[in-house]
Each structure stands twice: as structure tokens, then as C-alpha cells.
Amino acid sequence: MRISELAQRTGVSAHRLRRYESLGLIRAERTRGGYREFSERTAREVVFIAMGRDLGFSLAMLADALPRYRAGTLTIDEMILTMRRRIEEVDAAIAEQRALRERLVSHIAWFKQRQREAKRRQAAAPAVRFPSSTPAKKGSP
């Protein structure tokens with residue numbers, strides 16, 4: 001199948017498929033006219049890559065797993081273990097983002113407190129009267 005058909009069948013853009021090919025993740029034969037020709041097997045590999053990317057796995061990790069996937073030796077237990085490790089990474093990222101959120105909320109509270117204090121000081125300060133900006137006329141009291 002040509003790249004446009006592979007893109008349509010897998011939901012992966014032709015641009016991305018070309019990138020996968022350039023990285024050596026998938027392979028295509030070339031026709032006499034120079035067109036890429038992909039096998040049915042490649043469609044399954046692209047779906048595997050797309051699902052892995054959707055779960056947040058890097059292309060490097062998927063490249064390591066692809067030979068075992070192609071050979072049929074990638075076990076369900078291995079995939080479950082890998083997904084559990086990914087969950088741990090996601091949980092750590094969530095904890096990091098929550099801590100960042102707490103720091104941001106704390107800083108907002110600090111700024112609001114400073115703002116309230118400045119308003120109180122301003123309200124408590126005696127009113128300062130400035131002299132008139134127009135000079136007094138001679139002979140006026």
C-alpha cells in the first residue's frame with residue numbers, strides 16, 4: 001500500500017510516517033517509480049507505534065520494543081510492566097505539577113497580603129496637602 005493509504009488506515013499522517021521511516025522504525029519497499037510501498041505488517045507496526053506514542057512512550061523506547069513486537073516475543077507481562085513504570089512516571093510528574101501549583105498559590109497569597117498591607121498603610125497615612133500650583137497675586141491676602 002502507498003503512504004497515503006497507510007496514513008488513512010492507521011490515522012497517522014504521511015509526514016509522521018516518513019519520519020518513522022527516516023528513523024528506521026518502519027520500512028518501505030520502493031517501486032520502480034520511486035513510490036513507497038508498505039506491507040500489511042507495517043500497518044500493524046504503525047498502530048503499535050501510534051498507541052505507544054498516545055500513552056506517552058518515547059520513540060526511542062518504542063524502537064527498542066519493535067524488534068520483539070515484530071518477532072512476536074514481546075509478552076503481555078512485559079507490556080504491563082512497562083505501562084506500570086509509565087504510570088509511576090506520570091504520577092511523579094503529577095506530584096511535581098501539584099507542588100508547583102502549591103508554590104504558585106502561596107506566592108499569590110503573599111502578593112495579595114502585601115497589597116492589603118500597602119492599602120492599609122495608605123489609608124492610615126495623614127493626608128498631605130500640597131500648596132496651590134497657581135502663584136498668589138500681589139496684593140491678595
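Below, each value reflects all heavy atoms present in this structure, side chains not excepted, and no hydrogens, waters or symmetry copies. Since the model is a prediction, treat every value here as computed from it, not as a measurement.
Note that the NE2 atom of His107 and the CZ atom of Arg103 stand 8.5 Å from one another [nearest 0.5 Å]. Rounding to the nearest 0.5 Å places CZ of Arg85 at 12.5 Å from CD1 of Ile80. Atoms CZ and OG1, on Phe48 and Thr42 in that order, are 14.0 Å from each other to the nearest 0.5 Å. Atom CE of Met83 and atom CD1 of Ile76 lie 10.0 Å apart (nearest 0.5 Å). One finds the CZ atom of Arg84 at 15.0 Å from the CD atom of Glu89 (value rounded to the nearest 0.5 Å). Summarising the geometry, atom CG belonging to Asp64 is positioned 11.5 Å from atom CG belonging to Leu74; distances are rounded to the nearest 0.5 Å.
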Quick one, Val46 with Phe38, criterion side chain to side chain contact (heavy atoms under 4.5 Å, CB included). Give me CA distance, side-chain angles, the key distance, then yes/no. CA-CA 11 Å; Val46 169; Phe38 294 96; over 6 Å; no
Walk me through it: do Leu62 and Tyr69 pass the test side chain to side chain contact (heavy atoms under 4.5 Å, CB included)? CA-CA 10 Å; Leu62 294 168; Tyr69 176 77; over 6 Å; no
Assess the residue pair Ile49 and Ile26 against the criterion (side chain to side chain contact (heavy atoms under 4.5 Å, CB included)); give the C-alpha distance rounded to whole Å, side-chain angles, the decisive distance to 0.1 Å, and a yes or no. CA-CA 10 Å; Ile49 295 167; Ile26 60 174; 4.0 Å; yes
What do the steps show when you test Glu78 against Thr73 for side chain to side chain contact (heavy atoms under 4.5 Å, CB included), and what is the final call? CA-CA 10 Å; Glu78 283 180 281; Thr73 60; over 6 Å; no
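More than 12 heavy atoms of other residues, nucleotides or ligands shown are found within 6.0 angstrom of CE on Met79. With a 6.0 Å radius and a threshold of 12 heavy atoms from other residues, nucleotides or ligands, Glu5 has its CD atom above the threshold. Around atom CD of Glu96, no more than 12 heavy atoms belonging to other residues, nucleotides or ligands sit under 6.0 Å away. More than 12 heavy atoms of other residues, nucleotides or ligands lie within 6.0 Å of CZ in Arg114, so this atom counts as buried by the packing criterion. More than 12 heavy atoms of other residues, nucleotides or ligands lie within 6.0 Å of CG in Leu100, so this atom counts as buried by the packing criterion.
Linking Ile, Leu, Val, Met, Phe, Trp and Tyr whenever their side-chain heavy atoms come within less than 4.5 Å leaves Leu66 and Leu81 in two separate clusters. Taking hydrophobic clusters as Ile, Leu, Val, Met, Phe, Trp and Tyr residues chained together by side-chain heavy-atom distances below 4.5 Å, Phe57 does not share a cluster with Val90. When the side chains of ILVMFWY residues are joined at heavy-atom separations under 4.5 Å, either directly or via intervening members, Met51 and Leu59 end up in two distinct hydrophobic clusters.
Scanning both residues, Ala63 and Pro67, for their nearest heavy atoms gives O-CD, 3.1 Å. Pairing each heavy atom of Ala7 with each of Ala14, the nearest pair is CB-N, 3.9 Å. When all heavy atoms are compared, the tightest approach of Thr10 to Leu6 is OG1-O, 2.7 Å. Shortest non-hydrogen contact noted between Met1 and Ala43 is CE-CB, 4.2 Å.
Using a 4.0 Å cut-off between a side-chain N of Lys or Arg and a carboxylate O of Asp or Glu, Glu45 and Arg41 qualify as a salt bridge. A salt bridge is defined here as a Lys NZ or Arg NE, NH1 or NH2 lying under 4.0 Å from an Asp or Glu carboxylate O, and Arg9 with Glu40 meets this definition.
The main-chain N or O of Arg120 is never found under 3.5 Å from a side-chain atom of Arg116 such that the two would form a donor-acceptor pair. Using a distance-only test at 3.5 Å, with no hydrogens or angles considered, no donor-acceptor pair links the side chain of Ser106 to the main chain of Glu102. The main-chain N or O of Tyr35 is never found under 3.5 Å from a side-chain atom of Arg2 such that the two would form a donor-acceptor pair.
Residue pairs meeting the salt bridge (Lys or Arg N to Asp or Glu O under 4.0 Å) criterion with at least one partner in residues 14-34, sequence neighbours excluded, are Glu21-Arg36.
The salt bridge (Lys or Arg N to Asp or Glu O under 4.0 Å) test applied to Glu88 returns no partner, not counting sequence neighbours.
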